[in-house]
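Position 1 is the first residue of the sequence, and the numbers go up from there.
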Amino acid sequence: MAQESHEMMQRNGQLMEQQTSTRSCGKVRMWKCLSIWFTLAALLLTDMFGASVPSAAAAGKSKTSDKVVYLSFDDGPGKHTSEVLNILRDEDVPATFYVLGEHAERMPGMIKRIVSEGHAIGNHTYNHEYNELYRNFETFWQQIKRTEDIINNIVGFRPALVRAPGGTYGHFDHTYFDLLKKGGYAVMDWNVDSGDSKRRNVPASDIVARATDVPAGMSSAVVLMHDGGAHAETVKALPDIIHYYKQQGYHFEVMQASDKPVQFQVKPAVKYKVRQSPSASWIAKHVNANAAQWIVAKPLKIELGYMTVELKPDEYRFKDQTIMVPLRSYMNQLEGSISWDQTSGTATTWWKDRIVQINPAMGTLTSKRLHDQDGLTVQAVMESREGTIWVSAGDLIEQLGAKQYTVQSKDSEWVITVEPPWKSMEHGHFYSII
């Protein structure tokens with residue numbers, strides 16, 4: 001595992017052909033709005049994560065609890081997605097949404113909201129039609145790529161998480177599993193089924209009972225629910241489901257492609273056993289070529305209007321789908337200053353008229369201008385590793401005065417651009433950042 005961080009940084013550039021994503025920043029839970037949703041699918045292309053590595057519901061992912069729950073919603077976005085998002089926001093918990101391409105096309109605004117509020121996006125194929133998807137692998141692949149392109153056009157990234165409609169059991173054979181993994185995707189099933197799609201109008205009480213029925217001895221739960229279609233009862237059940245897991249001491253997480261997948265055993269239905277595998281030439285053209293998009297290492301450029309910060313691929317890394325930068329070297333490139341208070345365990349940075357205090361133990365950033373008496377404190381993605389404080393680049397940019405930024409993936413580099421430039425830059429001095 002000594003090369004883990006290096007491998008992560010080397011495998012997170014994704015070729016998006018100039019696709020652009022714009023982030024607008026609010027004042028509450030800013031880390032959610034500023035998370036840049038890069039998938040870490042390339043980790044699936046190596047054997048560095050073996051059987052000894054925690055699964056998708058790994059206990060080690062949380063410092064506060066050894067029990068983890070992953071709430072997941074399939075078949076959306078739909079008429080109930082907004083209600084689900086409202087509940088997740090009010091309860092302050094994240095979830096993973098496996099979306100259908102045909103619905104994402106009709107509701108791009110909902111896809112943007114899912115991402116902007118800190119949730120993960122997964123690929124649930126384009127139309128959910130079993131007869132098409134499981135007729136042969138080429139058709140399944142085409143639907144995955146079509147949906148991937150739609151999501152990329154909306155939010156500027158390609159999700160590597162994949163969930164098979166109906167689950168993999170009885171549908172996937174080894175060819176499906178092997179080629180998707182080879183192409184850089186992480187296939188995720190579930191281990192707790194809410195039962196909300198077993199029949200029409202399943203009562204909320206039944207959904208709560210099944211969604212909280214975690215198998216004995218299991219310290220994590222990957223819960224299947226639905227936000228697409230007629231699932232009003234799921235909306236009613238969701239608060240009780242969340243409250244149960246909170247009361248039981250579970251920590252809520254989103255799924256990531258770097259997690260070891262939760263998958264059912266291979267047992268395809270009889271009617272699928274005669275499926276033919278793709279040819280070697282087809283695999284080389286589609287699957288092998290697709291894998292390359294996950295392993296291109298590119299530098300990161302942060303354009304701040306009057307100056308640019310450039311980081312090499314090994315000078316930044318990813319944590320929970322967020323770009324992390326080393327605080328001291330990042331501030332040095334900004335021509336700012338930084339000090340460390342051993343007693344309080346906090347770092348303080350100065351840049352132009354902004355003062356930002358970083359508390360790694362609390363995971364907070366507190367920012368104010370020089371003439372302000374009180375500062376604004378927000379939660380941020382950060383951690384200390386071997387004496388270095390790593391902070392979310394987006395969180396830090398906001399606390400230094402940015403209101404909005406765009407993310408572009410070019411052939412040779414990632415580019416984060418603050419738009420519009422800070423007002424102070426327009427006047428050639430830096431005494432008032434808006």
Side-chain angles (χ1 to χ4, degrees), residues 26 28-29 32-33 57 68-125 127-128 147 151 154-155 159 161 163-167 188-214 220-248 250-255 262:
V28 180
R29 302 297 296 172
K32 289 184 177 180
C33 148
V68 185
V69 58
Y70 298 79
L71 303 180
S72 64
F73 297 88
D74 287 10
D75 297 354
K79 63 181 180 180
H80 296 298
T81 304
S82 179
E83 297 170 272
V84 169
L85 288 171
N86 290 343
I87 294 171
L88 295 174
R89 179 196 60 207
D90 294 343
E91 296 290 344
D92 194 23
V93 298
T96 304
F97 290 79
Y98 288 93
V99 304
L100 293 172
E102 62 179 358
H103 294 167
E105 279 183 319
R106 291 195 293 266
M107 304 179 70
M110 198 59 64
I111 298 297
K112 292 179 181 179
R113 182 182 172 188
I114 290 171
V115 172
S116 69
E117 294 187 5
H119 307 293
I121 290 281
N123 191 325
H124 201 44
T125 74
N127 64 13
H128 208 281
T147 298
I151 295 171
I154 296 171
V155 291
L161 289 170
R163 175 170 284 172
M188 296 286 187
D189 284 310
W190 57 87
N191 55 27
V192 178
D193 187 350
S194 71
D196 64 349
S197 63
K198 295 298 182 182
R199 63 183 188 279
R200 293 181 63 86
N201 300 319
V202 178
S205 58
D206 290 357
I207 296 173
V208 173
R210 295 195 57 165
T212 56
D213 186 16
V214 181
S220 62
V222 179
V223 184
L224 171 66
M225 293 177 282
H226 295 79
D227 62 317
H231 286 97
E233 291 298 302
T234 301
V235 176
K236 295 179 183 178
L238 184 56
D240 288 339
I241 294 170
I242 293 173
H243 294 165
Y244 170 84
Y245 282 107
K246 284 184 175 180
Q247 291 170 357
Q248 296 300 313
Y250 280 81
H251 179 71
F252 292 81
E253 291 278 1
V254 297
M255 297 180 196
V262 172

Tell me the closest heavy-atom pair linking Val254 and Tyr70, and the distance in Å. O-CE2, 3.5 Å
Strictly distance-based, threshold 3.5 Å: is any side-chain N or O of Asn191 a donor or acceptor partner for the main-chain N or O of Val222? yes
Heavy-atom closest contact (Met110 atom, Pro77 atom, distance): CG-CB, 3.8 Å
Check: His226 main-chain N/O paired with Asp196 side-chain donor or acceptor under 3.5 Å: yes
Identified side chain to side chain contact (heavy atoms under 4.5 Å, CB included) partner of Phe97 from the options Leu85, Asp74, Ile111: Leu85
Restricting to non-hydrogen atoms, name the atom on Glu91 and the atom on His243 that form the minimum distance, rounded to 0.1 Å. OE2-NE2, 2.8 Å
To check you understand the geometry: which heavy-atom pair defines the closest contact between Tyr98 and Ser72, and what is its length? CE1-CB, 4.2 Å
Given Arg163, which of Leu224, Val99, Thr96 fulfils the side chain to side chain contact (heavy atoms under 4.5 Å, CB included) condition? Leu224
Specify the closest pair of heavy atoms between Val208 and Thr212, including all atoms of both residues, with the distance to one decimal. O-OG1, 2.7 Å
Give me the ring orientation class for Tyr245 and Phe252: parallel if the planes are under 30° apart, tilted from 30 to 60°, perpendicular past 60°. perpendicular
His119 side chain vs Ala95 backbone, donor-acceptor pair below 3.5 Å: yes
Of the non-hydrogen atoms in Thr125 and Pro165, which two are nearest, and what is the gap between them? OG1-CG, 3.5 Å
